[in-house]
Amino acid sequence: MNEIKGPQSKLHSGGKHRTVSKDATEIGRIVQALTYYPYYCVVHLGTSPQDQDLFLELAKGVAEFGVSKDTLPPSQKKVSFTRVRIDKDQANAEDSVTRYSRTHKALSPHTDSSYMTEPHELVAFHCLVADTAGGETSMVPLDDIMRNLDKDAFDALREPVFAFGDRHHAVLNGEGPSPSIRYYDAQLQRSIDESGSSLSARHRDALSRLDMVLNSPDLGQRFSLASGEVLFMNNTKVLHGRSGFSKDSERLLHRVRLRAPGLKTSTQMTAANENDSQEATTKDSSQTASDTLDHKLVRSLAKSGRIDDAILICTNYLAGSPRDGEAHVVLAKLHEKAGRIDDAVASFTRACEVDPSNAFTFELLGDLLLTNGRFDEAKSAYQKCLQLDPDNYYAGLSLSSIYREDGDMKQARAILGDVVRKHPFERWNKSRKDRQTILRMRGFQSATYGIIRDTKGEFVSLLQGGHFSIQHLLNHRDYNLLIANIFEDNINKIENLPDFQLILNTISCADREPASLLSLARFVDRHSDRPVINHPRQVYQTTRDRNYQRLASVDGVIFPQTERIRWEGGDAQTIVDQVSGFGFEYPLIVRAAGSQTGLSVKRVKSEDQLIKYFSKASPDTDYYIIQYHDHPRGPGLYNKTRIFCIDGHYHPVANLFVDDWAIHSGDRYAIMDKTPWTQEEERAYLEDHVTYLGTRAYNTLLKLRDIVDLDFFGIDFTLLPDGNIFIFELNPAMRHNYDHADNFPYTRPHLDRITQAFNDMVRKRVA
């Protein structure tokens, strides 16, 4: 319920005490409240004669708002004024429908002056004496009624077959999404009885369903008017009723009913033109009364979950202002929030048609289409956006990801290269002076933007390959986050750099981004006074073959032989000969260099299988040959343990048991969700990893920490029976996530500790 408070009951409004007056601003506020859902408001006045005069002045002001007085005929200015209180004579007059308002009985929600050719648009009640034991007001906006009516009833009520007074009218009047309503069950029944007319079964059924909706206890809003309060309502958009009260009550209201063209919506005006020669006056007044969209009200409704109400306000407004592109965007976002994707696309498309030079609107349309997997349409939207704004950063990244999805890597790389050349630095969030600035380094020698489907089933475009994610590691809101996109040594060619306090290197794969790491190393040398997390030279040393060369000899470590080879294509026998020369024994593992997933991983058991693998492998690519070791933890059961090292301290991440030698995080559901003992094993590791691993293995991890010398990295390994650790992988290319925390809730506190440790490290560095 909208409330405008007055001199007898002052409230804060916009940070200041407000008093009601009859000036245009105050009247405009009332008109605004009556134009949009819920189409009524309460004004606080008083009960003095001066307040009663002010009530009439306000009502007249609302009725004449936005309309030239010279164009109003006398019939438009006439004030219908009534004192509403119990009248026993009226209550006993069987031939007077209006007796209901003069009794103590309850009144169902209805329209005032429903019998007239055009009911009054404005009805207002000034409560002079309230009844403290009853007489509760009920207000039922048309929008709420429409949401609860089925289509058959809705269509039937729009037909002009219902007897009101001496004519037949529709209950719902006007075409389009915003009709008006006239309804008074008692008056309708009286008109039917007097005229001797009848309704079809279909129309009787529609009225019955309307009555069922109106009698719903959850529909509408109910409140008690206090003495001195005034209720203004748009009589064609909201029904009003009341509960019963004592027959001895002194309750007294003053009611006014007025023509108010400024309260008509565009669809109401179309219907009214059939009976009103003041077409031009009516249109002008409507445009004046609602010439801008009330964005604040729309946001408030959407925030409170009343999306349909917010959508209706936008739809009503756009019916009269179809060229407002910004309003179409607002409506599109509301449809998107409500899950009505086709409607959202239509509204965004309309916004683009209304303002074809607005690049941002095309970007928003592209984002929505991409999110919902409509990639070809999204491509067109992004292309149009970039035609209008060639420097648009996010549209360029998204368009590159779509070309990658299409398999056109050449075009995807070309677009991505153009984007990062133009945007060596990009702010992730709004910069604030009270926050430290972190420079997050990303490399684009081989990394690309691709499309994945997230846990909500939506498609998202994101950086893929060669980096670790900080989504769940760093609280972005605590810092100004500045993205540095490294490409062709661009960061060492820029003189006027933005100010920053910390270099955060998230490049994690030296196989994919060696040039970016070396470029960053030179940048770090130039800014040696700034702290750095994960020095690029140390990351450079974490390729699989370099790890083998420097870690295999560490006491307590079993690191399988790992050799890097180049496959140029041609005769795969050359690979077999190289493998033999290195001294490998079958079975062995083959994988593409730079791949951190299992997509390219294959265990081959013979020369024939090795030849078959490379006959299908991409040429001009580096591959790793890794000696396979079989270390089961039971019959058909394998184990992989993960640990993070953050700022010199180890933090346990996971302890997986799977029925396959190639273990990945998602494989939890093959065994662990069905076998409690594996969860107990993981729980024991997470709660006390030092005891679980034993002194020998933990001391080995400390040696590795000192050799690797990184601020953040992870190790995937399995603990052997003799206390040695067998290493599968060691590098910063480890993903911290909560993907399985809901299904394995005992992991969440430990995941939280990892996040906390990373944030603590960052705070220490920038201090």
Side-chain angles (χ1 to χ4, degrees), residues 468 508-511 534 538-564 582-585 587-598 600-601 603 623-633 637-646 648-658 660-665 667 682 685 689-690 692-736:
F468 68 83
S508 60
C509 181
D511 285 314
N534 274 17
Q538 301 307 120
V539 176
Y540 190 83
Q541 298 300 322
T542 59
T543 60
R544 294 176 186 273
D545 54 336
R546 292 193 188 97
N547 278 339
Y548 165 63
Q549 293 162 11
R550 63 181 178 154
L551 302 178
S553 60
V554 175
D555 184 40
V557 170
I558 305 298
F559 202 109
Q561 181 183 357
T562 304
E563 305 292 348
R564 185 183 186 119
F582 281 125
F584 283 99
E585 296 181 359
L588 50 81
I589 298 170
V590 187
R591 69 182 304 154
S595 171
Q596 303 299 333
T597 69
S600 69
V601 178
R603 181 175 62 175
Y623 289 85
Y624 281 122
I625 307 297
I626 304 169
Q627 184 62 62
Y628 176 77
H629 292 257
D630 196 47
H631 292 297
R633 287 290 291 268
L637 199 62
Y638 295 84
N639 164 252
K640 183 175 78 172
T641 302
R642 175 169 289 186
I643 198 164
F644 285 165
C645 187
I646 302 174
H649 300 281
Y650 280 109
H651 299 270
V653 181
N655 193 24
L656 304 181
F657 294 85
V658 180
D660 189 1
W661 68 271
I663 304 175
H664 302 284
S665 176
D667 295 335
E682 182 172 45
Y685 167 67
H689 63 288
V690 176
Y692 184 90
L693 296 173
T695 302
R696 184 166 187 265
Y698 190 72
N699 285 335
T700 301
L701 291 176
L702 295 179
K703 295 176 189 176
L704 293 174
R705 175 198 64 186
D706 296 338
I707 295 171
V708 174
D709 194 25
L710 283 171
D711 304 282
F712 169 75
F713 68 96
I715 308 175
D716 285 343
F717 64 96
T718 189
L719 181 65
L720 300 179
D722 59 3
N724 289 330
I725 62 173
F726 182 92
I727 297 179
F728 301 116
E729 187 172 357
L730 183 154
N731 54 47
M734 301 281 177
R735 181 169 171 257
H736 174 49

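For reference, positions follow the sequence shown, starting with 1.
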Donor-acceptor pair between Thr562 and Asp545 side chains, under 3.5 angstrom: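 The criterion, which ignores hydrogens and geometry beyond distance, is not satisfied for Asp545 and Thr562.
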
Polar side chain donor-acceptor pair, Arg591 to Tyr624, under 3.5 angstrom: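 Arg591 vs Tyr624: no donor-acceptor pair found between side chains.
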
Pairing residues for Gln561 by the side-chain contact (heavy atoms from CB on, under 4.5 Å) criterion, not counting sequence neighbours: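 side-chain contact (heavy atoms from CB on, under 4.5 Å) check on Gln561 returns Tyr548, Glu563, Phe582, Phe584, Gln627.
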
Passing option when Ile727 is tested against Ile558, Val557, Val554 for side-chain contact (heavy atoms from CB on, under 4.5 Å):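 Only match with Ile727 under side-chain contact (heavy atoms from CB on, under 4.5 Å): Val557.
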
So, taking the atom named [atom1] in [X] and the one named [atom2] in [Y], what distance separates them when rounded to the nearest 0.5 Å?
X: Arg544; Y: Ile589; atom1: CZ; atom2: CD1; value: 9.0 Å
X: Thr641; Y: Asn655; atom1: OG1; atom2: CG; value: 3.5 Å
X: Arg633; Y: Leu720; atom1: CZ; atom2: CG; value: 9.0 Å
X: Glu682; Y: Leu656; atom1: CD; atom2: CG; value: 6.0 Å

Flag, side chain of [X] to backbone of [Y], donor-acceptor distance under 3.5 Å:
X: Thr543; Y: Gln541; result: no
X: Asn547; Y: Leu730; result: yes
X: Arg546; Y: Tyr540; result: yes
X: Tyr685; Y: Arg642; result: yes

Considering all heavy atoms, the nearest Cys509-Gly594 contact: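 For Cys509 and Gly594, the tightest heavy-atom pair comes out as SG-CA, 3.8 Å.
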
Stepwise salt bridge (Lys or Arg N to Asp or Glu O under 4.0 Å) test for Asp511 and Arg564: CA-CA 10 Å; Asp511 285 314; Arg564 185 183 186 119; 2.3 Å; yes

Name every donor-acceptor pair, under 3.5 Å, that has one atom in a side chain of residues 697-715 and the other anywhere in the protein, sequence neighbours excluded.
from, atom 1, to, atom 2, distance (Å)
Asn699, ND2, Thr695, O, 3.3
Thr700, OG1, Arg696, O, 3.0
Arg705, NH1, Gly648, O, 3.1
Asp711, OD1, Arg765, NH2, 2.6
Asp711, OD2, Asn534, N, 2.7

Pair Phe726 + His631: ring centers closer than 6.0 Å: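 For Phe726 and His631, the ring centres are under 6.0 Å apart.
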
Side chain to side chain contact (heavy atoms under 4.5 Å, CB included) between Ile725 and Phe559, worked out: CA-CA 8 Å; Ile725 62 173; Phe559 202 109; over 6 Å; no

Verdict with reasoning, Met734 to His736, per side chain to side chain contact (heavy atoms under 4.5 Å, CB included): CA-CA 7 Å; Met734 301 281 177; His736 174 49; over 6 Å; no

Within-4.5 Å side-chain heavy-atom neighbours: Phe717 and Asn639: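 They are not in side-chain contact.
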
